[in-house]
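Let me begin by presenting the structure, written as structure tokens, before commenting on it.
Reminder, nothing fancy here: chain letters follow the sequence lines and each chain counts from 1.
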Number of protein chains: 2
Amino acid sequence: MTSRPAGTLAQRKRQLVADELTQAALGLLARGGFDAVTVDEIAAAAGVSKRTFFRYFASKEDVVVQFLTGLGEAMREELASRPAPEPPSTALRHTVWRSIDACAGQTERTLRVVQLILGTPALLARFLERQAQWREELAAVLAGRLGLDPATELYPRMAAGMALTAFHTVLQRWSESDGTEDPAALTGGCFAVIAPALDAVAGE
Amino acid sequence: MTSRPAGTLAQRKRQLVADELTQAALGLLARGGFDAVTVDEIAAAAGVSKRTFFRYFASKEDVVVQFLTGLGEAMREELASRPAPEPPSTALRHTVWRSIDACAGQTERTLRVVQLILGTPALLARFLERQAQWREELAAVLAGRLGLDPATELYPRMAAGMALTAFHTVLQRWSESDGTEDPAALTGGCFAVIAPALDAVAGE
DNA sequence: TCATACTTGACACTCGATGACACGTCGGGC
DNA sequence: GCCCGACGTGTCATCGAGTGTCAAGTATGA
């Protein structure tokens, strides 16, 4: 609603303030850690008041986690656009890869943000909470793809959960290695592990 | 350290206060929701001061989530005690079942707590954060079991993640059905989905 | 030029969380 | 008996996150 890069009216200056806030927050939080920096300081660094900060971000965690926002949307879109005959493991691998690539392909700043999130309990909690939402959304799309009832079948939620476990694991390894390890290889490796379950024929 | 049922000294009255606090908190939070009840009210209901509440629980979330504490420890123990030749899917199924059984086998109060956690963003976040810790612990045990290096192999983390996805899914379905669905059947169903991946022969 | 809507800052307030200090009780030693 | 230190608790003070309110300020349109 407010995140389109090509803003409509002069209120793309809203995006400008948001960017300034994000910039200031990421800079301050990267050094000093999450708890050592107050919202007042972030706001001051961006040249606005604390009250304005909370008009742009729902919480102090939000300014960091929202840096990864759009990933959920992107994954849902990607999964929905994969050709129907494609096996689930392939479709989900591309789905996850779209987010991983968006993360790992960018600046080195992204690496620091990921490290910050995975290393800060409060941020990790928020991140996982968001992942849980993504899981429900991906499960719904997947159920539609396969003509399964998400309310009764276990497969959609489990498959989405496995894919996000892969997502989480890749980010972990990538951040632990300081960006050394190849995200593509890690993604491939993770999906090699879960593929037998994702593509198992019906069964039961 | 302080959770042994058979307390040593007269300071098992500490456990008494803790129980009183937990009782009061769960009762108040079940009706009214998480945000509508203040720590002051919980403390007052237990007959202590707000300050004392925080001497027993690290946070307001803690008093609820700690209700499920011990599950991580229990799972780690269970996995460590499973016979070595057992296939991973079987060992992990018993591991998860030990926690599920501890949850679902108890009073109906447990169901309400699970519903409260899964339905409250702040509590869900804390719960997922704890699950992430369990995942690392289970991965370490699993790696030891299979003689794999957890720092390089992807399998342990992925397998632990899949098992916890099953755990989460079972709790979700169980709480959504108001305790109607059979936890044992759900656990079996979830592991039927992931077993092909858990037991896939080496590969590469 | 005036009226309107929107954004912002300043202030006050609630509540979660922590530190400092004072008080009471318990228990043991002289 | 008294004194003493350890421990748990309550009170008070404080910080920081988050929210509601109101009074500016600015842009837009008639």
Distance, rounded to the nearest Å, where [X] contributes [atom1] and [N] contributes [atom2]:
X	N	atom1	atom2	result
A/K13	C/dT7	NZ	P	9 Å
B/L21	D/dG8	CG	C1'	14 Å
B/R14	D/dT9	CZ	C1'	12 Å
A/F53	D/dG16	CZ	P	15 Å
A/D62	D/dG18	CG	C1'	13 Å
B/K60	C/dT14	NZ	P	16 Å
A/E20	C/dT8	CD	C1'	16 Å
B/L16	D/dG8	CG	C1'	14 Å

Is the phosphate of C/dT8, meaning OP1 or OP2, less than 4.0 Å from a side-chain N or O of A/S49?
->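 Negative; the distance criterion is not met.
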Measure from the side chain of A/S59, starting at C-beta and using heavy atoms only, and say which of C/dT8, C/dA17, D/dG18 lies closest.
->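 Among C/dT8, C/dA17, D/dG18, the one nearest the side chain of A/S59 is D/dG18.
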Residue-level proximity of residues 115-127 of chain A to DNA chain D when a heavy atom falls under 4.0 Å =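 Contacting residues: none.
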Is it the case that the side chain of [X] and the backbone of [Y] share a donor-acceptor pair, with hydrogens and angles ignored and the cut-off at 3.5 Å?
X	Y	answer
B/K50	B/A44	no
A/E181	A/W174	no
B/Y155	B/L146	no
B/E41	B/T38	yes
A/D182	A/A184	yes
A/T120	A/L123	no
A/S99	A/V96	no

Check the pair B/R126, B/I117 against side chain to side chain contact (heavy atoms under 4.5 Å, CB included), reporting the backbone distance first and the verdict last.
-> CA-CA 9 Å; B/R126 294 289 169 183; B/I117 292 176; over 6 Å; no
So what is the end-to-end bend of the helix from C/dT1-D/dA30 to C/dC30-D/dG1, with 5 pairs used at each end and the value given to 10 degrees?
->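 Result, rounded to 10 degrees: 10°.
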Might you work through the side-chain hydrogen bond (donor to acceptor under 3.5 Å, both in side chains) test for B/R55 and B/S49, ending with a clear yes or no?
-> CA-CA 10 Å; B/R55 289 194 175 99; B/S49 72; 5.2 Å; no
Just checking B/Y56: base, sugar-phosphate only, or nothing, at a heavy-atom cut-off of under 4.0 Å?
->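 Sugar-phosphate contact only.
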Going by heavy atoms in the side chains, are B/L154 and A/R173 under 4.5 Å from each other?
->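 Yes, side chains in contact.
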With sequence neighbours excluded, give me every side-chain hydrogen bond (donor to acceptor under 3.5 Å, both in side chains) pair touching residues 86-97 of chain A.
->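 Every pair satisfying side-chain hydrogen bond (donor to acceptor under 3.5 Å, both in side chains) with a residue in residues 86-97 of chain A: A/R82-A/E86, A/R82-A/H94, A/S89-A/D199.
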Under the side-chain hydrogen bond (donor to acceptor under 3.5 Å, both in side chains) rule, what pairs show up with a residue in residues 137-152 of chain B, not counting sequence neighbours?
->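 Those involving residues 137-152 of chain B are B/R76-B/E137.
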Over 60° means perpendicular and under 30° means parallel, so classify the ring planes of A/F127 and A/F167, tilted if in between.
->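 Rings of A/F167 and A/F127: tilted, as their planes differ by 30° to 60°.
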Strictly under 3.5 Å: I want the nitrogen or oxygen pairs between protein and nucleotides 19-22 of chain D, one per line.
from   : atom 1 : to    : atom 2 : distance (Å)
D/dG20 : N7     : A/R51 : NE     : 3.3
D/dG20 : N7     : A/R51 : NH2    : 3.0
D/dG20 : O6     : A/R51 : NE     : 2.8

Take B/Y56 and B/V48 through the side chain to side chain contact (heavy atoms under 4.5 Å, CB included) test and state the conclusion after the steps.
-> CA-CA 11 Å; B/Y56 283 82; B/V48 299; over 6 Å; no
Residues touching DNA chain C, which here means a heavy atom under 4.0 Å, drawn from residues 29-39 of chain B =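 Heavy-atom contacts with DNA chain C come from B/V37, B/T38, B/V39.
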